[in-house]
Engineer: 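Dropping the structure in here first, questions after.
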Amino acid sequence: MTRRLERNAAVSQKTVLVIQLHLAQFQWFHDDFLTANNLSRQVGVCSPARNVVLGGLRKGCTTLQQYESTVNAQIEKLKGAELTIVQRLRWAAGSNPQLKEAIEEMEQRQTKWQPIIEEPLKQLQDVIGIVESLLHFEAHRTRTSESNAGDKAVCTLLTRFCKSAKALVENARSFG
């Protein structure tokens, strides 16, 4: 009987977790409507709230961008050291032909390890790109000051385009 109660409790906890995730999805998707109509208090805000997660993503993205420059600098420093080593080996190979094997090994090592060394940088850049895309999408999906400013700028451009197109049509008619 105890096992059955424990199993049922575990199933109930998993069900509650799934329901909480569904509620969070609903709140995130309809955040604009809930906030505008002051319904978020009635529904009960899920933890974490959407703006908290987006703020954390912004902060994390900034940190990753700082790491990216550090990693890039270290990779460049490593490449510079390897080039210096190969150059010195070539100079020394002029007086000692036995060093040609060491030069070949070093060049093989460079070609073998270069993709492995640059892979973390590529992954870091991919993650930064994904997070920036997500933040950009979320910023323009909702009614924020950024999206309102973007919408206003697009409307201004369209208005200017329409005016210049009308002017061109009128000029074309006057020539015809």
Side-chain angles (χ1 to χ4, degrees), residues 11-83 110-176:
V11 168
S12 296
Q13 287 175 347
K14 289 178 183 176
T15 304
V16 167
L17 180 63
V18 169
I19 290 171
Q20 286 175 338
L21 289 173
H22 283 293
L23 180 61
Q25 288 173 344
F26 176 82
Q27 285 182 338
W28 281 36
F29 188 73
H30 299 290
D31 189 47
D32 296 334
F33 177 76
L34 292 172
T35 306
N37 294 315
N38 205 15
L39 295 173
S40 58
R41 290 189 186 125
Q42 293 174 0
V43 175
V45 177
C46 282
S47 178
R50 186 169 148 261
N51 59 352
V52 172
V53 172
L54 293 177
L57 280 174
R58 276 189 198 93
K59 188 176 178 182
C61 188
T62 303
T63 304
L64 287 177
Q65 288 170 336
Q66 292 169 350
Y67 288 152
E68 178 187 19
S69 63
T70 304
V71 169
N72 203 8
Q74 293 302 317
I75 288 173
E76 292 303 318
K77 192 183 283 187
L78 177 65
K79 286 180 183 178
E82 287 176 343
L83 288 173
Q110 281 180 312
T111 56
K112 176 184 172 185
W113 287 98
Q114 185 142 2
I116 295 170
I117 291 171
E118 290 180 352
E119 182 63 25
L121 181 63
K122 183 183 177 307
Q123 290 174 349
L124 188 61
Q125 290 168 340
D126 290 346
V127 169
I128 290 171
I130 291 169
V131 171
E132 285 178 340
S133 297
L134 177 77
L135 290 172
H136 183 73
F137 172 77
E138 284 296 321
H140 291 286
R141 184 184 76 85
T142 58
R143 289 281 160 213
T144 61
S145 59
E146 294 171 344
S147 67
N148 290 340
D151 291 347
K152 198 177 286 185
V154 168
C155 288
T156 304
L157 285 173
L158 286 174
T159 305
R160 271 197 255 161
F161 171 75
C162 288
K163 287 179 182 177
S164 63
K166 284 180 184 178
L168 287 173
V169 168
E170 289 175 13
N171 285 342
R173 283 185 187 158
S174 66
F175 286 121

Engineer: Looking at CG of Leu121 and OH of Tyr67, how far apart are the two atoms once the value is rounded to the nearest 0.5 Å?
Structural biologist: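 So the CG of Leu121 and the OH of Tyr67 are separated by 15.0 Å.
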Engineer: A side-chain contact here means heavy atoms from C-beta on lying under 4.5 Å apart; do Gln125 and Gln65 qualify?
Structural biologist: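 With C-beta onward as the side chain, the pair stays apart.
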Engineer: Do Gln114 and Lys79 have side chains that get closer than 4.5 Å, going by heavy atoms?
Structural biologist: yes
Engineer: Which heavy-atom pair separates Leu135 from Arg58 by the least distance, and what is that distance?
Structural biologist: CD1-CG, 3.6 Å
Engineer: Starting at CD of Glu132, measure out to CG of Leu57 and round the result to the nearest 0.5 Å.
Structural biologist: 11.5 Å
Engineer: Step by step, work out the salt bridge (charged side-chain N to carboxylate O under 4.0 Å, His left out) result for Glu82 and Lys77.
Structural biologist: CA-CA 9 Å; Glu82 287 176 343; Lys77 192 183 283 187; over 6 Å; no
Engineer: Looking only at heavy atoms, which two atoms of Leu124 and Glu68 are closest? And how far apart?
Structural biologist: CD2-CA, 3.3 Å
Engineer: Once you round to the nearest 0.5 Å, how far does OG1 of Thr70 lie from CD1 of Ile75?
Structural biologist: 11.0 Å
Engineer: Less than 4.5 Å apart, side chain to side chain, heavy atoms only: is that true for Leu134 and Ile130?
Structural biologist: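 Sidechains of Ile130 and Leu134: no contact.
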Engineer: Any idea which heavy atoms bring Ile117 and Pro120 closest together, and the distance?
Structural biologist: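 That closest heavy-atom pairing would be O-CD, 3.2 Å.
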Engineer: Enter the distance from Cys162:SG to Leu157:CG here, rounded to the nearest 0.5 Å.
Structural biologist: 11.0 Å
Engineer: Hey, what do you get for SG (Cys155) to CZ (Arg160), rounding to the nearest 0.5 Å?
Structural biologist: 12.5 Å
Engineer: To the nearest 0.5 Å, tell me how far Glu118 CD sits from Lys122 NZ.
Structural biologist: 11.0 Å
